[in-house]
> 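This is the structure I want to talk about, given as structure tokens.
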Protein chains: 2
Amino acid sequence: MSKQELTVLGQDDQSAACCPGLGGAPLDEGQAAELAKIFKALGDPVRLRLLSLIASRAGGEVCVCDLTPAFDLSQPTISHHLKLLRQAGLIDCERRGTWVYYWVLPAILDRLSMFLTTAREREADAVAGAEAEGKADAVAGADAEVTV
Amino acid sequence: MSKQELTVLGQDDQSAACCPGLGGAPLDEGQAAELAKIFKALGDPVRLRLLSLIASRAGGEVCVCDLTPAFDLSQPTISHHLKLLRQAGLIDCERRGTWVYYWVLPAILDRLSMFLTTAREREADAVAGAEAEGKADAVAGADAEVTV
DNA sequence: TGCTTGCATTGATGTCTGTCGATGCAAAGC
DNA sequence: GCTTTGCATCGACAGACATCAATGCAAGCA
């Protein structure tokens, strides 16, 4: 039911070997398209909450019957969002009797996190280098707006 | 030109204090909407490449005139994507004479990375706990598909 | 066998988004 | 002043997306 859905990061995809991270060389079109597909899956409040509900569950897996009531949406809509998360490789599922259980696949979360982290480190270096020339206040101001 | 555009993470937004990360308590609707806005900005190949081009630039900033030729798109389209990245709080810009320079704001990248990392750690624990009951092979198979 | 439950799929519809040409606007040079 | 250059904004349009009701399908139960 599920293995075939991992189209984003197929194991035979040579271009998926590894993205350099934002700090390295600029992404080529293939890498960008692949990453964008995953980020797009995360770019919806409903899907983000679904992922959050699954990830925060003790035991690591959740029955759909526990997810649907948490939203003010129809069952087909929830099913549709779960399918998109599955196609992005962020979750997987398994049927057990009457119920279907979903769990998070940590590998891609890892990859995204690393991609963003290397970006930050590289960028922080660049900013440190340019801090003496009048751009520092703007960056510092932006920092103050977010309590990381 | 730029400070007012940071609508996603306004400094007076109490709900933006900090998201718990995927591993903590499930996201509420406000947090999910806020994070989704940022992920959605990253959910486009063109914007991802733009961000990558800016982040990987020595000096940390890039003139728009250097970005536009890198794409097979019209100048208004590039400008549109840059605006969305700016509204998401991922980049900022400044006009200098005839040219406009963009640079990356690392704070939100940090926050996203942390959000995803805590998710992974929490999820990995859960998987480790459930590894003995037949779900392990599916997770291991997914891991094998990504060379993180 | 027939009924019920849980979830996925289909088809339709309204909304959002990416893209472009045209235009506006600021800065620099003549 | 006028012209040119660099970039943002506007208006329009095609394609993508979120959502729903209806339907299909598998599993359990009477």
Side-chain angles (χ1 to χ4, degrees), chain A residues 1-5 7-8 29 32-33 35-51 53-54 61-88 91-103, chain B residues 1-5 7-8 29 32-33 36-51 53-54 61-88 90-103:
Chain A
M1 162 185 264
S2 51
K3 289 293 185 58
Q4 303 87 322
E5 305 265 2
T7 57
V8 170
E29 296 186 31
L35 273 173
K37 205 164 185 172
I38 308 173
F39 279 124
K40 184 177 290 183
L42 294 172
D44 183 279
V46 174
R47 289 195 289 272
L48 222 39
R49 287 182 60 205
L50 280 170
L51 196 68
L53 281 171
I54 299 173
E61 56 187 26
V62 191
C63 172
V64 175
C65 59
D66 288 331
L67 293 173
T68 307
F71 296 86
D72 211 25
L73 296 169
S74 68
Q75 175 267 324
T77 300
I78 300 298
S79 187
H80 171 248
H81 284 301
L82 287 171
K83 181 180 181 180
L84 292 185
L85 286 173
R86 215 166 6 106
Q87 289 178 332
I91 59 176
D92 201 357
C93 66
E94 183 183 61
R95 176 167 214 126
R96 297 186 200 150
T98 310
W99 298 278
V100 176
Y101 289 85
Y102 280 82
W103 60 89
Chain B
M1 165 186 260
S2 53
K3 289 293 185 59
Q4 304 87 319
E5 303 265 3
T7 57
V8 171
E29 298 187 28
K37 204 163 184 172
I38 308 173
F39 280 123
K40 184 177 291 184
L42 294 173
D44 182 279
V46 174
R47 289 194 291 271
L48 224 40
R49 286 182 60 205
L50 280 170
L51 196 67
L53 281 171
I54 300 173
E61 56 186 30
V62 190
C63 171
V64 176
C65 59
D66 288 331
L67 293 172
T68 307
F71 297 85
D72 211 23
L73 295 170
S74 68
Q75 175 266 324
T77 299
I78 299 299
S79 187
H80 167 69
H81 285 301
L82 287 171
K83 181 181 181 180
L84 292 185
L85 286 173
R86 215 166 5 107
Q87 288 178 330
L90 290 163
I91 59 176
D92 201 357
C93 65
E94 184 183 62
R95 176 167 215 124
R96 297 187 200 148
T98 310
W99 298 279
V100 177
Y101 290 85
Y102 280 81
W103 59 88

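Chain identifiers are assigned alphabetically (A, B, ...) following the order of the sequence lines, protein sequences preceding nucleic acid strands; residue numbering begins at 1 within each chain.
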> Would you mind telling me which of C:dG21, D:dC7, C:dT9 lies closest to the side-chain atoms of B:Ser74?
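The listed nucleotide nearest to B:Ser74's side chain is C:dG21.
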> Closest to the A:Pro76 side chain: C:dG18, D:dC20, D:dT9?
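Looking only at side-chain atoms, A:Pro76 lies closest to D:dC20.
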> Consider the side chain of A:Cys63, meaning its heavy atoms from C-beta on, and name the nucleotide among C:dC7, D:dG6, C:dG6 that approaches it most closely.
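The answer is C:dC7, which lies nearest to the side chain.
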> With a 4.5 Å cut-off on side-chain heavy atoms, are A:Val62 and A:Leu50 touching?
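Heavy-atom side-chain distance check fails, nothing below 4.5 Å.
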> Using the side-chain heavy atoms of B:Leu84, tell me which of these nucleotides is nearest: C:dG18, D:dA18, C:dT19.
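Closest nucleotide among those given: C:dG18.
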> Within the structure provided, determine whether A:Trp99 and A:Val64 are in side-chain contact (heavy-atom separation under 4.5 Å).
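The answer is no; the side chains never approach within 4.5 Å.
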> Are the side chains of B:Leu67 and B:Ile54 in contact, using a 4.5 Å heavy-atom criterion?
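With C-beta onward as the side chain, the pair touches.
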> Taking the minimum atom-to-atom distance to the side chain of A:Arg95, which one of C:dT19, D:dA27, C:dG18 wins?
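In terms of side-chain proximity for A:Arg95, the closest of C:dT19, D:dA27, C:dG18 is D:dA27.
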> Go through D:dT19, C:dC7, C:dA8 for me and flag the one nearest to the A:Ser79 side chain.
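Closest nucleotide among those given: C:dA8.
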> Which part of the nucleic acid, if any, lies within contact of B:Leu73, taking any heavy atom under 4.0 Å across all strands shown: a base, the sugar-phosphate backbone alone, or nothing?
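Answer is sugar-phosphate: B:Leu73 comes under 4.0 Å of backbone atoms only.
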> Considering only D:dC7, C:dT19, D:dA18, which nucleotide approaches the side chain of A:His81 most closely?
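The closest nucleotide is D:dA18.
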> Donor-acceptor pair, B:Arg49 side chain versus B:Phe71 backbone, under 3.5 Å?
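No, B:Arg49 side chain to B:Phe71 backbone: no donor-acceptor pair under 3.5 Å.
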